[in-house]
Visitor: 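I'd like to ask you about the structure that follows.
These figures come from a predicted structure and were not determined experimentally.
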Amino acid sequence: MKTTTTETQAQTLTRLLAAADRQHPVTITYLKEEKDENGRKTGNLVETIRTIEVYDVRTTKAGNVTLRAMDRESGESRTFRLDRIQAYTIHRTAYTVARPARTETTTVLPAATCAATVIGRELARDGAAYYADRYAILAAA
């Protein structure tokens, strides 16, 4: 078992990504936010142990690194914040829980032919609604 207090978040993330790449499940000790009887978060963190199968890593708007994983106990997709993982163990067995179908739409864009297109795309990633008209003009160029 590795404790996350003895390594950086980058080291933890690297090891968890390597496990995901090899499709090895991971048992984590995690600080989960407690909910009241109405389903609202209370702010109290409760320690829980889960065996998960990581399939995606994302960063939130607040800058938190999150792991999207299948929870072996419930069979459902869950999100886990990297900074709340206290300890983990990587197993040598294979994944057993089916992944959810991707519902996100991916836009295929033409290859960038000039610097303005690349800059426009980078700006559009940060503020798609604001830059939508400018992005269309740059992408058409």
Visitor: Tell me, with the steps shown, if Thr79 and Arg68 meet side-chain hydrogen bond (donor to acceptor under 3.5 Å, both in side chains).
Guide: CA-CA 5 Å; Thr79 302; Arg68 298 282 299 158; 2.4 Å; yes
Visitor: Applying side chain to side chain contact (heavy atoms under 4.5 Å, CB included), run through Thr66 and Thr59 and close with a yes or a no.
Guide: CA-CA 6 Å; Thr66 60; Thr59 305; over 6 Å; no
Visitor: For Asn64, what residues pass the side-chain hydrogen bond (donor to acceptor under 3.5 Å, both in side chains) criterion, not counting sequence neighbours?
Guide: none
Visitor: Under a single-linkage definition using a 4.5 Å side-chain heavy-atom cutoff for Ile, Leu, Val, Met, Phe, Trp and Tyr, are Val57 and Ile85 assigned to the same hydrophobic cluster?
Guide: yes
Visitor: Side chains of residues 39-46: which donor-acceptor partners sit under 3.5 Å, not counting sequence neighbours?
Guide:
| from | atom 1 | to | atom 2 | distance (Å) |
| --- | --- | --- | --- | --- |
| Thr42 | OG1 | Glu34 | O | 3.1 |
| Thr42 | OG1 | Asn44 | N | 3.3 |
| Asn44 | ND2 | Glu34 | OE1 | 3.3 |

Visitor: If the condition is salt bridge (charged side-chain N to carboxylate O under 4.0 Å, His left out), which residues does Arg50 pass it with, not counting sequence neighbours?
Guide: Asp71, Glu73
Visitor: Could you walk me through whether Arg78 and Glu76 satisfy the salt bridge (charged side-chain N to carboxylate O under 4.0 Å, His left out) test, starting with their C-alpha distance in whole Å, then the side-chain angles of each, then the deciding distance to 0.1 Å, before giving a yes or no?
Guide: CA-CA 6 Å; Arg78 300 278 187 234; Glu76 297 177 351; 2.8 Å; yes
Visitor: For residues 23-49, pull every pair meeting ring-ring contact (aromatic ring centres under 6.0 Å, His included), keeping only residues two or more places apart or in separate chains.
Guide: Tyr30-Phe80
Visitor: Other than Ile49, which residues form its hydrophobic cluster under the rule that side-chain heavy atoms must be closer than 4.5 Å?
Guide: none
Visitor: With sequence neighbours excluded, tell me which residues meet side-chain hydrogen bond (donor to acceptor under 3.5 Å, both in side chains) with Thr48.
Guide: none
Visitor: If we ignore hydrogens and angles and just use 3.5 Å, is the side chain of Thr6 paired with the main-chain N or O of Lys2 as donor and acceptor?
Guide: no
Visitor: For the CZ atom of Arg58 and the OG1 atom of Thr60, what is their distance to the nearest 0.5 Å?
Guide: 11.5 Å
Visitor: Any heavy-atom pair between the side chains of Leu13 and Val65 that's under 4.5 Å?
Guide: yes
Visitor: Hey, mind stepping through Arg99 and Glu53 against salt bridge (charged side-chain N to carboxylate O under 4.0 Å, His left out) and telling me if it holds?
Guide: CA-CA 9 Å; Arg99 305 285 161 281; Glu53 300 176 1; 3.0 Å; yes
Visitor: Specify the closest pair of heavy atoms between Gln9 and Asp83, including all atoms of both residues, with the distance to one decimal.
Guide: NE2-CB, 3.1 Å
Visitor: Identify, with sequence neighbours excluded, every residue that meets side-chain hydrogen bond (donor to acceptor under 3.5 Å, both in side chains) alongside Thr27.
Guide: Thr51, His91
Visitor: Please give the remaining members of the hydrophobic cluster of Met70, linking ILVMFWY side chains under 4.5 Å, ordered by chain and number.
Guide: Tyr55, Val97
Visitor: Please list all pairs passing the ring-ring contact (aromatic ring centres under 6.0 Å, His included) test where one or both residues lie in residues 32-51, with sequence neighbours left out.
Guide: none
Visitor: Please determine whether side chain to side chain contact (heavy atoms under 4.5 Å, CB included) holds for the pair Arg72 and Ile52, giving the CA-CA distance in whole Å, both sets of side-chain angles, and the decisive distance to 0.1 Å.
Guide: CA-CA 6 Å; Arg72 279 198 166 175; Ile52 61 173; over 6 Å; no
Visitor: Enumerate donor-acceptor pairs with a distance under 3.5 Å from any side-chain N or O in residues 14-22 to protein atoms, sequence neighbours excluded.
Guide:
| from | atom 1 | to | atom 2 | distance (Å) |
| --- | --- | --- | --- | --- |
| Thr14 | OG1 | Ala10 | O | 2.7 |
| Arg15 | NH1 | Glu7 | OE1 | 2.3 |

Visitor: Listed by chain and number, what are the ring pair (Phe, Tyr, Trp, His ring centres under 6.0 Å) partners of Tyr88, not counting sequence neighbours?
Guide: none
Visitor: For Gln86, give me all partners under side-chain hydrogen bond (donor to acceptor under 3.5 Å, both in side chains), at least two apart in sequence or on another chain.
Guide: none
